[in-house]
**Student:** 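There's a structure below that I have some questions on.
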Amino acid sequence: MQKYLIKDLADYEGKSITLMGWASNKRESKGLVFIVLRDGTGWCQCVVSIDVVGETIFEEARKITLESSLSITGNIVKDERQMGGYELQATAVSLIGASVDYPIAKKEHGIDFLMDKRHLWLRSQRQWAIMKIRNQIIFAIHKFFQGEGFVEMDAPLFTGNACEGTSNLFETDYYGDTAYLSQSGQLYGEAMALSLGKIYTFGPTFRAEKSKTRRHLSEFWMIEPEMAFFDLFENMDLIEKFLRYVTTEVLENCEKELALIGRDTSVLQNIIKPFPRLTYDEAVRIIKGEQDVNGKNAITSLEQELASVQTRINAIKAEIAEREEKLKMPGMKKGEIGFNQAQIDKLKQEAGDAEEQERNIPQWLNSARNFEYGNDFGGSDETVITRLFDVPVMVYNWPHEVKAFYLKRDPDNNRFARGVDVLAPEGYGEIVGGGERETNEALLIEKIKEHQLPMEAFEWYLDLRRYGTVPHAGFGLGLERLVTWICKLPHVRESIPFPRMYGRLLP
RNA sequence: UCCUUCUUAGCUCAGCUGGUUAGAGCACAUGACUGUUAAUCAUGGGGUCCUUGGUUCGAGUCCAAGAGAGGGAGCCA
């Protein structure tokens with residue numbers, strides 16, 4: 001049996017076909033039922049008219065509940081008013097699986113509720129669009145690296161040692177020994193690059209940090225390329241080319257999905273512009289407000305932001321008061337009352353978000369003003385710096401003390417390590433961390449001791465320096481953080497089908 | 001681990017300085033309406049006000065402890 005898909009409706013104009021899917025919405029009036037059917041490829045309004053289908057089928061159609069699965073047969077006609085430009089005029093409707101009291105209603109829901117219903121939330125339009133974009137990003141990543149001659153080679157997920165010694169890892173029992181869930185495949189990536197030249201890994205990574213922020217997950221997907229005969233600067237060139245490619249692919253192939261989630265693509269279009277490359281020293285001056293960026297100052301622009309947040313809060317509160325006043329007036333139609341209440345609820349959410357910002361910005365200001373040279377950037381520092389740019393920013397040459405032990409010491413200034421962080425614009429912060437790797441065995445041993453890591457676990461890693469070491473570099477990209485930025489999501493939890501984070505293991 | 005905000009109907013939220021029987025919209029059910037895109041009308045079922053303890057003649061409201069959630073810091077992609 002031929003399967004007809006909603007995305008191909010244009011091919012079937014004037015023909016009778018059968019669609020199979022779920023009722024994502026239903027409206028009815030005398031003699032007519034409108035069922036919005038979704039089949040995973042799109043949405044299509046199906047019109048069931050009593051004059052066409054007769055009383056029995058019509059009664060069945062009238063009883064269809066939200067998210068029931070069904071098949072509908074009918075003619076495809078052009079209708080400009082519809083989302084896909086077509087609608088189906090039904091001649092037959094048949095129920096496949098009933099849905100009783102579907103919990104996600106056609107209204108705003110709180111995040112806790114939606115997270116508990118994540119398995120159903122994924123069916124909604126916005127989540128559908130995000131997952132399509134995520135898929136496009138994954139596909140583009142593979143296309144890019146395969147096109148550049150990289151070999152995908154995956155690192156183990158069970159590891160016997162804490163890779164960088166910094167993060168908290170998940171422990172698990174491995175035939176009586178302790179194994180950790182990998183927080184990075186990078187060390188293995190180096191070994192593989194010294195065999196295949198250019199490799200990339202693509203898999204899940206685990207961090208047992210008790211972080212509850214909009215950019216942390218306990219389980220996330222990471223892409224880690226590693227290249228032999230690459231230095232820091234070639235690495236940065238690759239990162240830039242890579243991010244530009246992936247973003248461009250999304251812009252070209254996900255126009256509909258980006259529009260659905262209301263993403264302003266003009267910022268994404270900026271990806272064709274060269275990425276600014278700042279040294280750590282320059283970045284610190286910008287954070288502290290000692291150096292402007294395109295006429296914008298980090299400190300004063302934060303202060304302005306705070307002021308505008310405060311005026312926005314006042315404006316929202318005024319509007320809420322006005323609408324509440326209006327509600328008290330007699331003679332308002334029921335529909336209008338409902339509409340106003342929905343607006344008030346929405347405004348209250350906005351006010352709540354704005355008030356959260358109002359509490360956070362002074363903290364960020366404080367942290368920026370008092371930033372101490374030599375420290376790593378915190379989340380707020382990244383936010384402060386990336387709000388000044390409209391393209392991803394690369395920060396390189398970090399004080400070696402704050403970075404991972406395996407980063408190469410800068411030959412021109414041994415205070416610095418040749419690491420690079422890529423910060424996404426619009427306040428999103430770090431999406432890539434990478435750098436050139438240390439090839440000097442003695443320096444590496446010194447670093448391993450300094451970080452108090454068990455030397456025996458790194459013997460194999462040191463072998464890579466003992467047998468034909470070469471300059472090499474690589475980076476790690478957090479898939480969910482990239483998805484979050486490209487979609488401009490308020491939180492990473494919407495960028496992955498089933499987020500795993502502190503305090504949440506279900507569904 | 002620390003700071004901060006919150007928890008009232010299936011959902012989103014009101015509930016003022018403590019005062020009779022705790023409200024609205026949506027959803028649901030029944031009926032009315034021939035084209036709807038959270039905006040038609042009527043009817044009405046729905047509550048452990050997160051938990052425990054306290055203050056009080058009286059607690060959804062005040063106090064204390066606990067649980068859960070949101071945001072942030074630390075840490076990171």
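Residue numbers start from 1 in every chain, and the chains themselves are labelled A, B, ... in the order their sequence lines are given, proteins ahead of strands. What's counted below: heavy atoms across the whole structure, side chains too, no hydrogens, waters or symmetry copies.
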**Student:** Set out, line by line, the N/O atom pairs under 3.5 Å between protein and nucleotides 4-8 of chain B.
**Tutor:**
{"residue": "B/U4", "atom": "O2'", "partner": "A/Arg359", "partner atom": "NE", "Å": "3.3"}

**Student:** Could you tell me which residues satisfy salt bridge (charged side-chain N to carboxylate O under 4.0 Å, His left out) with A/Arg493, sequence neighbours excluded, listed by chain and number?
**Tutor:** none
**Student:** Return the set of residues passing salt bridge (charged side-chain N to carboxylate O under 4.0 Å, His left out) with A/Glu87 (not counting sequence neighbours), or none when no residue passes.
**Tutor:** none
**Student:** Using atom C1' in both nucleotides, what's the gap between B/C11 and B/G47 to the nearest angstrom?
**Tutor:** 14 Å
**Student:** Applying salt bridge (charged side-chain N to carboxylate O under 4.0 Å, His left out), name anything that partners A/Arg312, two or more places apart in sequence or on another chain.
**Tutor:** none
**Student:** Categorize A/Ser380 for me: base, sugar-phosphate, or nothing, with a 4.0 angstrom heavy-atom threshold over every strand shown.
**Tutor:** sugar-phosphate
**Student:** Over all strands shown, is A/Trp364 touching base, sugar-phosphate only, or nothing at heavy-atom distances under 4.0 angstrom?
**Tutor:** sugar-phosphate
**Student:** Can I get a per-line list of side-chain donor-acceptor pairs under 3.5 Å for residues 352-360 of chain A, giving both atom names and the distance, sequence neighbours left out?
**Tutor:**
{"residue": "A/Glu355", "atom": "OE2", "partner": "A/Lys317", "partner atom": "NZ", "Å": "3.0"}
{"residue": "A/Glu358", "atom": "OE2", "partner": "A/Gln310", "partner atom": "NE2", "Å": "3.4"}
{"residue": "A/Asn360", "atom": "ND2", "partner": "A/Glu356", "partner atom": "O", "Å": "3.3"}

**Student:** Can you list everything that forms a side-chain contact (heavy atoms from CB on, under 4.5 Å) with A/Lys241? Sequence neighbours excluded, please.
**Tutor:** A/Phe144, A/Glu148
**Student:** Applying side-chain contact (heavy atoms from CB on, under 4.5 Å), name anything that partners A/Arg126, two or more places apart in sequence or on another chain.
**Tutor:** A/Ile130, A/Ile261, A/Leu489, A/Pro490, A/Glu494
**Student:** Using a 4.0 Å cut-off on heavy atoms, which residues in residues 26-37 of chain A reach RNA chain B? List them by number, or say none.
**Tutor:** A/Arg27, A/Ser29, A/Lys30, A/Leu32, A/Phe34
**Student:** Would you jot down, in residue-number order, the residues of residues 210-218 of chain A having a non-hydrogen atom under 4.0 Å from RNA chain B?
**Tutor:** A/Lys210, A/Ser211, A/Lys212, A/Thr213, A/Arg214, A/Arg215, A/His216, A/Leu217
**Student:** Checking A/Ala98 now: which residues fulfil side-chain contact (heavy atoms from CB on, under 4.5 Å) with it, not counting sequence neighbours?
**Tutor:** A/Leu95
**Student:** Run the salt bridge (charged side-chain N to carboxylate O under 4.0 Å, His left out) test against A/Glu257 and tell me which residues pass, sequence neighbours left out.
**Tutor:** none
**Student:** For RNA chain B, what is the dot-bracket line, given that a base pair needs Watson-Crick (N1 to N3, plus N6-O4 or O6-N4) or G-U wobble (N1-O2 and O6-N3) geometry with both distances under 3.5 Å, and | means paired with another strand?
**Tutor:** (((((((..((((.....[...)))).(((((.......))))).....(((((..]....))))))))))))....
**Student:** Enter the distance from A/Ile239:CD1 to A/Arg277:CZ here, rounded to the nearest 0.5 Å.
**Tutor:** 8.5 Å
**Student:** Could you check whether A/Gly110 gets within reach of a base, just the sugar-phosphate, or nothing at all, counting any heavy atom under 4.0 Å?
**Tutor:** sugar-phosphate
**Student:** How many whole angstroms separate atom CD1 of A/Ile111 from atom C1' of B/G68?
**Tutor:** 16 Å
